[in-house]
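The structure appears below as structure tokens.
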Amino acid sequence: MGEVKTPRQWFLWSIALVYVCAFASIYVQIPGLYGDEGILPVRLQMPKVQRPLLEQESLLGLGPSLGLAPQQVLELTCLVGVALALCAVLLEPLRDSLIYFCLRVLYLSVYNVGGDFLHSEWDVLLLEAGLLAVLVAPLGLLRCHSSYRYHDTVSFWLTRWLFFRLTFCTGVSKLASGDPAWYDLSALSHHLENQMNPTPLAWYVHQLPDWLLRFGAVVVLQSEIIVPLVTFFAPIRRLRLFGFYVQLFLQLCYILTGNCSLLNLLSITLSFSLLDDDHFNSNTDPKKKKGQEKKPRTVISGSFTSLCMQVNVCTCVGVSSQVPYTSMAGMSVSKVLPAVRDAYSAVERYQLVGAYGIQHRMTSAEGRPEIILEGSYDGLTWTEMNPMYKPGNVNAVPPIVGPHQPRLEWLMWQTAQGGDDTSPWFTGLLQRLLQGKQEVVGLLQVDEAQYPFSQKAPVFIKAKLYNYHFTDPTKDKTHLQAWWRRQYKREFFPIVNLDDPTLKKLLEEAGLKEKFPAQTGSDTPVSQALSLIRDHVKGLSGSLLLSTLLATVAGIFLLKAVFSWVLGGPKPRPASADHKTRKPKEPSEVAEKSQAAAPSNRGGKKDSNEKKDSDRSPRKRK
């Protein structure tokens, strides 16, 4: 394994960019998900007894000391995370271990109070990749006289190990689950319409011949099972490069047909661990490249004790990461070595390691199950509440979402596949829609013209379950203008209103029955700033906000490149020290140098030279 300075920089830069997307995406959804009038108010999760800050699982305990309400603490956490991550994206010296440690602490705090909305696979993956960024990044901000160096190469190997676990276990779970769709190679056709957020391109790919889609299923299985085994840890460099481009192509296909999710971005980020500096310097001057090979292969910062500590941490993380996969192999956790089991139990609350692919869902051939909410004023005439980011209206074009992660739509998609209608969040959703809370309505539709109950909240509400399929122009002659066709499956939730005893009972069981009014925070400068920022982003969809943010980052890099090219231009080669501009030397100085350079000259010649020099001196000319 050669030098990995450039891949390491790409890894750290990408992790910071993913943090920007994750924090910003959560921030825009906080009022509807966790606000005082949201689905699951975060203030209800405040501990009854105050504990020391280090013993708490989130930063909500800072609220009273800062004069902020719990919702405002959550917003402040996300905004600080966006600011720190943006600094790391734009400024290379700030891609420091301390910055990534702060980012991980902030995201872990949000994760611990996020409930079901944040317990997704990509959230766990970001926390584990964020830990690796802490180990991989240099630690220079706390050192006054340290050079900008990286840690050992062992810690960067953990990123490749994580990428292997993610890719290989995702592929193996498809077959280990006994999913018949993957055994008869029809899974790709069903996956295109069953994935969380299919794009318009997915509809066109779905129209491809059946044999080509089956071949695509073979390619996916080979890319996720065989390629990682053969290439990720191969001693041959070209095999690793082949594995990188296979995984990059696979993720790009997922993005084009299923929107850009944080899981795709993290997969691409981890894939940089398969590269080395020679791949990025392949077009440089051979002489320069040859000169670079003389440099030491490994740059180690810190003392031998620091290196041993890093190796021990890497070993603990590597061993503990195998415990969650015992269920996939049919093993019991009790059969794991006690020392390994104890190490995993000690770090489980901090989400240092995760398991990926072990909860594979069967690919249904019956279509894509979707929960459709309907509201009514009289209980007779019903109107659908079509969301922005998932199928509802069969004639609506599949939306472009990524990298925004709509948490409500994701959980509704998960619940529709599982069929659970008693989840606390779903009960809270129905309650807020019946109350007409704009924060929750904004999660479904930002445009009031698209929401049928924008003027007055519905009196009754119910939920139905439909199976959606992509239309086929050769078969669905009557659906030429539609992207989807659907079939009614069953009633998902019965008709309820605010006074319904069933709804009240479910709210009480879920702990959402509010006994005391919400307490507002103090009118501090921080609280005023948070309110001002919230007013500016109010009414913006998450996808628009993230697109604007990323476009701004891209614009900054573009302007930086343009100014660097226009103002700097091709700089001339710096002159050596001998050719630098200097003051003319005095003849006496020249004489002294000549005497020092030729100490072995004969005395007569030396005297004659001294005489000539003295004749040339300014004093003699005078």
Side-chain angles (χ1 to χ4, degrees), residues 121-122 125 160 162-234 236 238-261 263-268 270-271 273-274 325 328-330 355-368 398 417 468-475:
E121 189 175 57
W122 60 77
L125 180 61
R160 188 181 300 184
L162 174 57
F163 187 42
F164 174 81
R165 286 162 43 211
L166 172 66
T167 308
F168 180 74
C169 293
T170 300
V172 169
S173 66
K174 292 179 172 64
L175 301 178
S177 63
D179 192 342
W182 284 104
Y183 281 95
D184 62 14
L185 303 180
S186 64
L188 191 58
S189 176
H190 305 312
H191 167 76
L192 290 170
E193 58 187 11
N194 274 307
Q195 58 187 329
M196 178 182 169
N197 296 114
T199 63
L201 183 61
W203 184 91
Y204 290 98
V205 176
H206 189 265
Q207 312 306 322
L208 294 175
D210 183 66
W211 66 268
L212 188 57
L213 293 176
R214 292 179 184 271
F215 176 74
V218 174
V219 172
V220 170
L221 291 176
Q222 296 290 333
S223 301
E224 293 182 345
I225 300 177
I226 304 299
V227 172
L229 281 174
V230 175
T231 65
F232 279 20
F233 299 100
I236 303 175
R238 292 189 176 181
L239 281 179
R240 298 196 301 270
L241 293 180
F242 173 76
F244 167 77
Y245 283 108
V246 168
Q247 299 304 321
L248 181 62
F249 173 77
L250 185 64
Q251 294 303 321
L252 290 178
C253 290
Y254 286 153
I255 291 174
L256 292 175
T257 59
N259 275 290
C260 180
S261 68
L263 185 61
N264 302 130
L265 294 179
L266 286 170
S267 298
I268 295 175
L270 294 173
S271 68
S273 61
L274 300 175
Y325 294 100
M328 182 182 292
Y356 313 101
I358 61 175
Q359 296 180 350
H360 173 74
R361 294 182 179 274
M362 294 290 182
T363 306
S364 175
E366 298 180 356
R368 173 196 183 94
Q417 294 181 341
Y468 279 72
H469 292 271
F470 275 139
T471 56
D472 188 349
T474 60
K475 299 178 181 178

Inset, instruction - Mind running side-chain contact (heavy atoms from CB on, under 4.5 Å) on Phe244 and Thr231 for me, showing each step along the way? - result: CA-CA 9 Å; Phe244 167 77; Thr231 65; over 6 Å; no
Inset, instruction - Enter the distance from Leu252:CG to Phe249:CZ here, rounded to the nearest 0.5 Å. - result: 8.0 Å
Inset, instruction - Nearest 0.5 Å please: distance from the CD atom of Glu224 over to the CG atom of Leu229. - result: 12.0 Å
Inset, instruction - Evaluate whether atom OH of Tyr183 has more than 12 neighbouring non-hydrogen atoms of other residues, nucleotides or ligands under 6.0 angstrom away. - result: yes
Legend entry - Heavy-atom side-chain contact between Thr167 and Ser267 under 4.5 Å: no
Inset, instruction - Indicate the ring-plane relationship of Phe163 and Phe232, choosing parallel, tilted or perpendicular according to the 30° and 60° boundaries. - result: parallel
Inset, instruction - Go through the steps to decide whether Ile225 and Leu175 satisfy the test side-chain contact (heavy atoms from CB on, under 4.5 Å), and finish with yes or no. - result: CA-CA 10 Å; Ile225 300 177; Leu175 301 178; 3.9 Å; yes
Inset, instruction - Please say whether more than 12 non-hydrogen atoms of neighbouring residues, nucleotides or ligands are located less than 6.0 Å from CZ in Phe242. - result: no
Inset, instruction - Without swapping roles, check the side chain of His190 against the backbone of Arg368 for a donor-acceptor pair under 3.5 Å. - result: no
Legend entry - Nearest heavy-atom neighbours spanning Gln207 and Asp472: OE1-OD1, 3.5 Å
Inset, instruction - Measure the shortest side-chain to side-chain distance between Val218 and Gln222 over non-hydrogen atoms and say whether it is less than 4.5 angstrom. - result: yes
Legend entry - Expected output: side-chain Asn259 to main-chain Asn197 donor-acceptor under 3.5 Å: yes
Inset, instruction - Drop me the distance from Ser261's OG to Gln251's CD, to the nearest 0.5 angstrom. - result: 8.0 Å
Inset, instruction - List the steps, then state whether side chain to side chain donor-acceptor pair (under 3.5 Å) holds for Asp179 with Ser177. - result: CA-CA 5 Å; Asp179 192 342; Ser177 63; 5.0 Å; no
Inset, instruction - For residues Ser223 and Pro228, report the shortest heavy-atom separation together with the two atoms involved. - result: O-CD, 3.2 Å
Legend entry - side-chain contact (heavy atoms from CB on, under 4.5 Å) between Leu250 and Gln247, worked out: CA-CA 5 Å; Leu250 185 64; Gln247 299 304 321; 4.0 Å; yes
Inset, instruction - Locate the shortest heavy-atom distance separating Glu193 from Gly367; write the atom from each residue and the value. - result: OE2-CA, 4.3 Å
Inset, instruction - Taking all heavy atoms of Asn264 and all of Ile255, pick out the closest pair and write down the distance. - result: CB-CG1, 3.7 Å
Inset, instruction - Mind listing the closest non-hydrogen atom pair of Leu185 and Arg214 along with its distance? - result: O-CG, 3.2 Å
Legend entry - Set of side-chain contact (heavy atoms from CB on, under 4.5 Å) partners for Val205, sequence neighbours left out: Leu192, Leu201, Leu208, Leu213, Thr257
Legend entry - Nearest heavy-atom neighbours spanning Gln195 and Gly258: OE1-CA, 3.3 Å
Inset, instruction - Evaluate the criterion side-chain contact (heavy atoms from CB on, under 4.5 Å) for residue pair Leu274 and Leu241; output intermediate values, then yes/no. - result: CA-CA 7 Å; Leu274 300 175; Leu241 293 180; over 6 Å; no
